[in-house]
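All residue numbers refer to positions in the sequence shown, counting from 1.
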Amino acid sequence: MIRAACFDLDGTLVDSELLWARATHDYLRDLGCELALNDLISIVYGHAWSSIHARLVRLFPDQFKNRTAKTTAGELQDYYLRHRVDPTAIIIPSSVECLRRLAKKIPVTIVSGSPRDAIQECIELMGIEDCISFFIGSEDYAVGKPDPACYRLAAERLRLPPEECVVFEDSTAGVRSAKAAGMYCVALKRLYDGPAQDLNAADVVMTDLAEFKDL
């Protein structure tokens with residue numbers, strides 16, 4: 001029996017990861033750090049902000065060893081907003097409609113690797129404040145997806161066994177995280193410019209969350 005739903009954010013509810021990759025490219029360039037956009041896409045897609053920041057520290061220690069993840073996220077946000085010309089264009093309408101539909105029946109939460117400020121801004125952009133019981137961001141757990149820590153934390157806060165939760169994900173790391181936590185996983189397979197994702201570990205794969213009709 002499914003008694004709660006957990007949604008990933010970037011790539012599942014909002015189509016934002018390519019924008020973040022482009023923003024990071026410009027941000028690094030201004031800091032004097034050169035990294036090809038294709039390399040950044042591989043670093044950004046499907047990974048938690050804590051993991052991305054740790055990778056930047058390893059690649060460019062002089063620029064980032066004294067920049068915390070929170071400081072870097074704040075600086076990067078300005079670059080991201082420059083690329084996001086039309087804020088509503090990043091919303092994936094059918095995914096948001098699926099979330100709204102489920103929120104009428106069961107508790108719904110967002111479990112993301114993005115910083116909490118970015119998640120809050122997206123929740124307001126999608127207009128789903130009244131649908132979300134709580135949300136979990138990169139500051140809330142130590143190790144990012146595919147580690148199951150974030151989804152185990154969600155189950156604890158929901159006060160439910162993991163097997164009574166359904167997760168909606170779009171990345172290899174996200175699917176593995178959900179399954180390692182013991183949750184039922186619906187993978188969203190979308191046509192996009194990022195690296196191919198292995199979604200075989202998911203319980204079901206859909207090309208549009210409008211296809212998810214019932215619990």
Smallest heavy-atom separation, Tyr141 atom then Ala48 atom, equals OH-CB, 4.3 Å

side-chain hydrogen bond (donor to acceptor under 3.5 Å, both in side chains) filter on Asn200, not counting sequence neighbours, yields Asp198

- prompt: Are the side chain of His25 and the backbone of Ala21 linked by a donor-acceptor contact shorter than 3.5 Å?
  reply: no

Taking every heavy atom of Leu188 against every heavy atom of Leu199, the minimum-distance pair comes out as O-CD1, 4.0 Å

inquiry  = Check this for me, if you would: do Arg190 and Asp170 make a salt bridge, where the nitrogen-to-carboxylate-oxygen distance has to be below 4.0 angstrom?
reply    = no

- Describe, in one word, how the ring planes of His53 and Phe64 are oriented to each other, choosing from parallel (under 30°), tilted (30 to 60°) and perpendicular (over 60°). perpendicular

Residues Asp78 and Tyr27: side-chain donor-acceptor under 3.5 angstrom: no

Between Gly113 and Ser138, the two heavy atoms sitting closest are O-CB, 3.2 Å

### Query
Taking atom types as modelled, is there a side-chain donor on Glu169 or Tyr151 under 3.5 Å from an acceptor on the other?
yes

**OP:** Compute whether any side-chain donor of one residue and acceptor of the other, for Gln197 and Ser171, lie under 3.5 angstrom apart.
**Re:** no

- Item | Exam field: side chain Asp203 to backbone Cys185, donor-acceptor pair closer than 3.5 Å | yes

Are Val167 and Tyr45 joined in one hydrophobic group, where the rule is that I, L, V, M, F, W and Y side chains link up if heavy atoms are under 4.5 Å apart? no

Of all heavy-atom pairs linking Trp49 and Ser114, the shortest is CB-CA, 4.4 Å

Carefully, step by step, assess Gln77 and Trp20 under the rule side-chain contact (heavy atoms from CB on, under 4.5 Å).
-> CA-CA 9 Å; Gln77 177 77 2; Trp20 280 114; 3.2 Å; yes

Side-chain contact test, heavy atoms from C-beta onward, threshold under 4.5 Å: evaluate it for Asp8 versus Lys145 and give yes or no. yes

Item checked: Residues Asp147 and Ser177: side-chain donor-acceptor under 3.5 angstrom -> no

| said: Any heavy-atom pair between the side chains of Leu125 and Ile91 that's under 4.5 Å? | reply: yes

Give the cluster check for Val44 versus Val111: same hydrophobic cluster or not, with ILVMFWY residues linked at side-chain heavy-atom distances below 4.5 Å.
no

query = Under a 4.5 Å side-chain heavy-atom rule over Ile, Leu, Val, Met, Phe, Trp and Tyr, are Ile90 and Leu76 clustered together?
reply = yes

Salt bridge (Lys or Arg N to Asp or Glu O under 4.0 Å) filter on Arg157, not counting sequence neighbours, yields none

Checklist line | Lys179 (side chain) donor-acceptor with Met183 (main chain) under 3.5 angstrom | finding: yes

Interatomic distance, CD1@Ile106 vs CZ@Arg3, rounded to 0.5 Å, equals 10.5 Å

Note: Asp208 and Ser94 closest approach over all heavy atoms is OD1-OG, 2.7 Å

Review point. Side chains of Pro162 and Arg152: closer than 4.5 Å at any heavy-atom pair?
Key: no

Are Val166 and Ile132 connected in the hydrophobic side-chain network, where two residues link if heavy atoms are under 4.5 Å apart? yes

(message) With heavy-atom distances below 4.5 Å as the criterion, would you say the side chains of Ile43 and Leu35 are in contact?
(response) yes

| message | Is there a side-chain contact (heavy atoms from CB on, under 4.5 Å) between Leu102 and Phe212? Walk through the geometry before answering. | response | CA-CA 10 Å; Leu102 289 175; Phe212 189 82; 4.0 Å; yes

- [ ] Please tell me if the side chains of Glu163 and Tyr184 come closer than 4.5 Å, counting only heavy atoms from C-beta onward.
- [x] no

Only residue of Leu18, Asp26, Thr24 satisfying side-chain contact (heavy atoms from CB on, under 4.5 Å) with Arg22 is Leu18

Applied to residues 79-96, the salt bridge (Lys or Arg N to Asp or Glu O under 4.0 Å) test, sequence neighbours excluded, yields Arg84-Glu121

Rounded to the nearest 0.5 angstrom, the CG-CD distance for Leu59 and Glu34 is 13.0 Å

Could you go through Met126 and Leu9, starting from their C-alpha distance and side-chain angles, then the distance that decides it, and tell me whether this counts as side-chain contact (heavy atoms from CB on, under 4.5 Å)?
CA-CA 11 Å; Met126 291 182 283; Leu9 180 65; 3.8 Å; yes

dist Asn66:CG -> Thr71:OG1 (nearest 0.5 Å) comes out at 10.5 Å

(request) Could you tell me whether a side-chain N or O of Glu17 sits under 3.5 Å from a main-chain N or O of Gly46, the two making a donor and an acceptor? (result) yes

Checklist entry - Leu99 versus Cys131: any side-chain heavy-atom pair under 4.5 Å? => result yes

### Task
Mark yes or no for whether Glu97, through its side chain, and Ala210, through its backbone, hold a donor-acceptor pair below 3.5 Å.
no

side-chain contact (heavy atoms from CB on, under 4.5 Å) between Phe135 and Ser112, intermediate numbers included = CA-CA 8 Å; Phe135 64 87; Ser112 173; over 6 Å; no

Heavy-atom nearest pair, Pro195 first then Ile41, reads CD-CG2, 3.3 Å

Is there a side-chain contact between Phe134 and Ile110, using heavy atoms and a 4.5 Å cut-off? no

Okay, side chain of Ser95, backbone of Thr12: is any donor-acceptor separation there less than 3.5 Å? yes

* Electrostatic pair Arg67-Glu75, nearest N-O below 4.0 angstrom -> yes

Margin query: Within the 4.5 Å heavy-atom criterion, are Leu158 and Cys6 side-chain neighbours or not?
Written below: yes

